[in-house]
Amino acid sequence: MSARGADKRTAVELTEALASGETTSVEITSAALDRIGEVDGAVHAFLHVDTDGALRDAAASDARRAAGKSWGPLDGIPIAVKDVLATRGLPTTCGSRILAGWVPPYDATVVARLRAAGLPILGKTNMDEFAMGSSTEHSAWGPSHNPWDLDRIPGGSGGGSAAAVAAYEAPLAIGTDTGGSIRQPAAVTGTIGVKPTYGGISRYGLVSLANSFDQAGPVTRTVLDAALLHDVIGGHDPLDSTSIEEAVPALVEAARRGADGDLTGVRIGVVRELGGEGYQAGVLARFEESVELMTKAGAEVVEVSCPSFVHALATYYLILPAEASSNLARFDAMRYGLRVTPDVARDGAEPSAEDVMRATREAGFGDEVKRRIILGTFALSSGYYDAYYGQAQKVRTLVTRDFEAAFGQADVLVSPTAPTTAFKIGEKVDDPLAMYLNDLATIPANLSGVPGISVPSGLADQDGLPTGVQILAPAMADDRVYRVGAALEALLAQEWGGPLLDQAPALSLLEEGEE
Ligand code: GLN
């Protein structure tokens, strides 16, 4: 074990330490790599660690700083990246066997922007296969573990990124959120996760699950850190045809402003349909306390109704498999990754291209991926298209209308992020519906493209595990989620008297043996 222990400083604190000359990027990056070496055997947040690349980039950052030529506020701060984003020269598997051994020849725009801002990349984080799941148990490479209790899931699909940040293996990480995969892991690990406005972050090089929902975003320990990271990766990209041209709002300013905890004049809508039945009592209790705190801080709290949200989950599980089945057709054994050549060929002939494709997809995809390909192919087939896919698209429009009406009454909407705290590994993995229900509250935002943040709201009484509040804002009003998120974070910090994460029991286990 390293004598240093975990580096618990936030990204902002690290930037200050760099600016004052108190430390170097090489020191910070080495400490993160040491921590990964110490605890990742137990946490399994990473699928690939790039020690040499991270240290090389850290040294380059230090040289820039010494020459007075820093590339921006996060220059030198190391980061972990979800394995669904293409990284030049670094393996990218999307948690799937079918991409085993694939090393992309290019960087996703998000990754290129991280590099251009000077952030050393520590490695690639674990995820459910092709981002399908809420627990990382669908990863072909085995699950990640929740730093609060190693027998529990860290959420999914981006459980690796959340676990890495919660276990102090990385100060910052990137996740992707198609139905909740940034926000739900944040909620169950006591971290911050932001799903930006759809089109606000480039999807170029993000391997598509459902391209009309997918959005990359920050995974951090504070709201201000998330705003700084969002600033680095956000903004228009000509390589993504769905990228928004309008400038990203002033996020860092909004997060700083929110930190005073004053919510005077802010209208907060509690969504009636995102709560009650199906939500754990402890989750609801912490949510209600957070709403109360925000009321005391001057917010005007109203209840809003979004009746179509009760159909959001069903709608998502028609549109998502439809898009996924089409996106995953590119894994055909011809272009990248795994290729399985069956040895039993008909009539002694060589196996055909179709035989190879069939054998590769059979061996390369896991059960959940196959389930969704079948579901999506069915929903899109002629004769059923109108009844399923067409209907779902109509409900999607209704969800957007409900959001519009609700945002007429409130500046932001709030709900619990996830219906329960972290469940045990193995508990839901064989029950697809139980797994899908984890995204009950996060999916409406993806259907409509609006931004959202999950902020830790405390520990549920029954199990002492973290739970989160979700704050949603209208499209392109991402600044509001940062302002209100930072305010709630500040109000709750006063109650807790210290970082919530430091209370994680498994973390002290992970520290054992350290001096
Ligand atoms: N859990 C959801 C699903 O399985 C969300 C996934 C995601 O956001 N990538 O589809």
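When a ligand or atom number is given, it counts from 1 through the structure's own listing order. All residue numbers refer to positions in the sequence shown, counting from 1.
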Atoms in ligand 1 with a heavy atom of S134 nearer than 4.0 Å: 1 (N)
Taking atom 9 (N) of ligand 1 as the point of reference, which of S181, P185, G155, G175 owns the nearest heavy atom? S181
Y316 near ligand 1, heavy-atom distance under 4.0 Å? yes
Does some side-chain heavy atom of R401 sit less than 4.5 Å from a side-chain heavy atom of L398? yes
Give the atoms of ligand 1, by number and element, whose distance to some non-hydrogen atom of Y317 is under 4.0 Å. 2 (C), 3 (C), 4 (O), 10 (O)
Before signing off on this row, confirm whether G156 and ligand 1 have an N or O atom pair separated by under 3.5 Å. no
Any N/O pair A131/ligand 1 closer than 3.5 Å: yes
Taking the six-membered ring for Trp and the single ring otherwise, decide whether the centroids of Y316 and F213 are under 6.0 Å apart. yes
Between D83 and K124 (salt bridge meaning N to carboxylate O under 4.0 Å), is one present in this structure? yes
Taking distance alone, with no angle check, do G180 and ligand 1 share an N/O pair under 3.5 Å? yes
Do N146 and T189 have side-chain heavy atoms sitting under 4.5 Å apart? yes
Taking distance alone, with N or O pairs closer than 3.5 Å, would you say T176 contacts ligand 1? no
Are any of the side-chain nitrogens in E362 or R358 under 4.0 Å away from the carboxylate oxygens of its partner? no
Could you list which atoms of ligand 1 come closer than 4.0 Å to a heavy atom of M132? 4 (O)
Determine whether any heavy atom of K82 lies closer than 4.0 Å to an atom of ligand 1. no
With a 6.0 Å cut-off (strictly less than), is the heavy-atom count around OH of Y389, excluding the residue itself, greater than 12? yes
Atom CZ of R371 with >12 non-hydrogen neighbours under 6.0 angstrom: yes
Distance filter under 4.0 Å to S157 heavy atoms, resulting ligand 1 atoms: 9 (N)
Validation row: L114, V81 side chains within 4.5 angstrom (heavy atoms): yes
With K82 as reference, evaluate S181, S161, S157 under the side-chain hydrogen bond (donor to acceptor under 3.5 Å, both in side chains) test and give the passing residue. S157
Please work out, at 4.0 Å between heavy atoms, whether the side chain, the backbone, both, or neither of L209 comes within that distance of ligand 1. side chain
Identify the residue among D237, T242, N211 that makes a side-chain hydrogen bond (donor to acceptor under 3.5 Å, both in side chains) with R203. T242
Give the atom numbers and elements of ligand 1 that come within less than 4.0 Å of a heavy atom of D439. 1 (N), 2 (C), 5 (C)
Backbone or side chain, does any N or O of G179 fall under 3.5 Å from an N or O of ligand 1? yes
Does T178, backbone or side chain, put an N or O under 3.5 Å from an N or O of ligand 1? yes
Answer side chain, backbone, both or neither: which part of R372 comes under 4.0 Å from ligand 1, heavy atoms only. side chain
